[in-house]
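Heads up: the structure comes next, in structure tokens.
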Amino acid sequence: MVNFLIHIFTLVAIYGLIAISFNLAMGYTGLVNLGHVGLMGIGAYVSAILTTKFGFSFFPAFVLAGISAAVFGALLALPSRRIKDDYFALLTLGFMFVTSAVFINWTSLTRGTLGVRGIMRPEGFTDPFFFFILVLLVLAVAYIILNQTVSSPFGRVLEAIRDDEQVAESLGKNVERAKITAMALSGFFVGLSGSLLAHFLRLINPGTFWLDPLVLALAAVVIGGLASLRGSLVGVILVFVISESLRFFAIPSSLIGPLRVMIFMAVLVIIVLWRPKGLLGRADLD
Amino acid sequence: MQIVLQLIINAIIAGSVYALVASGLTFIYATSRIFHLAHGVVILLGGYVFHYVWVVLGFSPALAAVCAIVVSVATGLIMNELVYETQRKRKAKRMAYLISTIALLMIGNALVLLLFGSSLKAFSVQTEVYRFFDLNITLMQIILIIVSTLLLLTLSFIVKKTKFGKAMRATADNEEVAEVMGIKTRDIRRLSFLVGSLLGAIAGILIGLEFNLDPNMGVYLAIKGFTAMVIGGVGSIGGAIFGAFIVGLFEQIAVWFFGAGWKNSMAFVLLFFFLLLRPQGLFGMRKFK
């Protein structure tokens with residue numbers, strides 16, 4: 001039982017990291033980056049491949065996972081001057097599909113659908129409890145950094161971009177650079193979360209980075225509220241409470257996955273229709 | 001040379017299905033300004049209900065097609081009525097529509113998984129294979145192309161010549177003015193969801209017959225439809241159809257060069273370059289034609 005709880009808490013902390021970095025892009029900057037899970041996958045694969053194939057130890061691989069996801073995040077933001085709103089969302093969703101195709105088809109590196117196995121937990125953190133503490137530490141540091149960022153003048157520039165890009169631009173703010181920075185920062189942290197997830201699960205395959213985590217992150221951020229880091233954490237906890245309480249009903253395990261998605265997304269529709277600010281959000285869905 | 005011709009034939013087959021998807025999406029977008037990604041669910045249900053009623057329950061294919069179309073169109077209309085129209089009343093903004101359409105897409109996808117399972121569904125329909133100069137085309141594929149062409153011709157007739165088409169073009173052009181002129185734009189939106197979903201349902205049936213059914217295809221087809229729309233210039237039905245064939249051709253070329261594993265992500269590469277280099281699309285028409 002204790003082990004099970006530690007397992008769930010670790011997942012909650014990892015998803016917390018995914019959600020707060022997602023909120024930086026979507027809630028604060030107004031960039032609906034549906035490729036967030038693709039960036040996470042990049043982080044996970046970089047870390048997994050570096051440690052299993054190239055003999056890296058965990059921490060350098062962990063940092064490189066963040067950096068590589070940050071680079072791709074910044075690249076995604078590059079065309080965001082011309083590609084906006086719905087188009088940006090579609091484009092980034094496409095990015096996720098492309099990363100998935102790369103994970104599946106670049107078999108010499110990723111072993112295709114078999115996935116990468118035998119990923120080790122970092123030394124000193126092999127015990128589930130210590131690994132949980134490590135994840136919690138990373139989450140805390142990320143939270144502090146992101147919180148500092150969004151309450152700094154730069155954070156207000158981001159919110160101005162979300163509310164009205166042209167106004168922000170006419171006030172002399174460098175909109176493009178702010179977007180790229182936000183996406184790189186968001187990518188960095190989600191890359192770290194991917195690395196943590198890979199070393200936590202110890203095996204990853206392309207299916208790990210498909211629609212399910214995206215559904216979860218989207219639900220958590222919208223339920224918790226846009227532009228609220230605290231809300232995102234609350235959202236993740238709520239989403240996990242809903243999802244884990246399904247275990248108490250006698251539902252065949254093959255049905256749990258789709259059922260979970262349906263519940264999350266139904267809640268999402270309800271929030272969008274009747275409470276567009278979410279629980280703790282400060283920005284309307286726009 | 002022969003390979004090239006075969007590629008083109010395959011591209012036409014895929015393209016004529018994508019054209020149904022893309023023109024349905026254009027219809028819906030023109031009157032509602034919603035990027036209706038959940039259209040993927042309508043397509044998916046069309047294919048799966050058709051398979052269920054025909055293959056699993058053993059009724060006639062005609063009855064199965066009717067059931068599929070009824071279920072799909074009802075789904076499309078319900079999504080519009082319960083979600084989009086409610087949002088419209090609340091003057092929702094673009095991100096809200098985007099999130100609700102993604103949520104609807106995921107709900108539908110999960111529902112199909114729950115009801116029909118995750119395994120691929122195949123129709124064991126064998127039709128005659130015709131050979132022209134070493135090129136292969138089956139009777140099924142010829143029927144598919146003909147059905148799609150007839151539907152698209154009917155559609156363009158409706159848009160250009162009927163009263164409904166006129167009202168629709170007016171709504172697409174300027175909703176407020178249309179409303180002032182006595183057009184009930186809400187009903188026009190309903191009708192366009194009806195027509196768009198009808199096209200989606202038929203696309204789903206044809207896809208099932210030709211390419212098998214896979215629960216993920218709803219997501220892919222919705223995105224391919226959008227890529228086609230963007231290539232042709234958002235809002236133009238002719239452009240969407242043209243874009244659909246470009247997507248089909250590009251995919252076939254990608255399959256030939258890189259292998260089948262890359263097929264479904266090729267549409268995005270195309271989408272990316274078009275959005276970046278020619279966001280107004282090939283025909284650059286802003287008006288709904």
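In what follows, every chain begins at residue 1, and chains take the letters A, B, ... in the order their sequences are listed. Side chains included, hydrogens not; waters and symmetry mates left out as well; all remaining heavy atoms used.
Looking at B:L82, only its backbone comes within 4.5 Å of chain A, counting heavy atoms on both sides. Only the side chain of B:F226 comes within less than 4.5 Å of a heavy atom in chain A; its backbone stays farther off. For chain B, the nearby parts of A:W274 are the backbone and the side chain; heavy atoms of each come within less than 4.5 Å. When heavy atoms are compared at a cutoff of 4.5 Å, B:V230 approaches chain A solely by way of its side chain, counted from C-beta outward. Only the side chain of B:I223 comes within contact range of chain A, with at least one heavy atom under 4.5 Å from a heavy atom of that chain. Proximity to chain B is absent for every atom of A:V267, based on heavy atoms less than 4.5 angstrom apart.
For the set A:L91, A:V269, A:V98, the entry with the most heavy-atom pairs within less than 4.5 Å of chain B is A:L91. The candidate with the highest count of non-hydrogen atom pairs below 4.5 Å against chain B, out of A:D85, A:L211, A:L34, is A:L211. The greatest number of non-hydrogen atom pairs below 4.5 Å with chain B, out of A:V261, A:L93, A:L90, is found for A:L90. Each of A:L268, A:L255, A:L273, A:I263 has some count of heavy-atom pairs under 4.5 Å with chain B, and the biggest count is that of A:L273. The candidate from B:K263, B:R90, B:Q87 with the greatest count of non-hydrogen atom pairs under 4.5 Å with chain A is B:R90.
More than 12 heavy-atom neighbours from other residues, nucleotides or ligands sit within 6.0 angstrom of CZ on B:R190. At most 12 heavy atoms of other shown residues, nucleotides or ligands fall within 6.0 angstrom of atom OH in B:Y52.
In this structure, A:H36 and A:S21 approach most closely via the heavy-atom pair NE2-OG, 3.1 Å.
Between B:Y220 and A:W210, the ring planes lie tilted relative to each other; the angle falls in the 30° to 60° range. Using cut-offs of 30° and 60° on the angle between ring planes, the pair A:Y45 and A:F103 is parallel.
Between A:Y15 and A:F240 the shortest side-chain heavy-atom distance falls below 4.5 Å.
Between B:F193 and B:F27, a ring centre-to-centre spacing not shorter than 6.0 Å is recorded.
Distance alone, capped at 3.5 Å, is enough to place a donor-acceptor pair between the B:S72 side chain and the B:V42 backbone.
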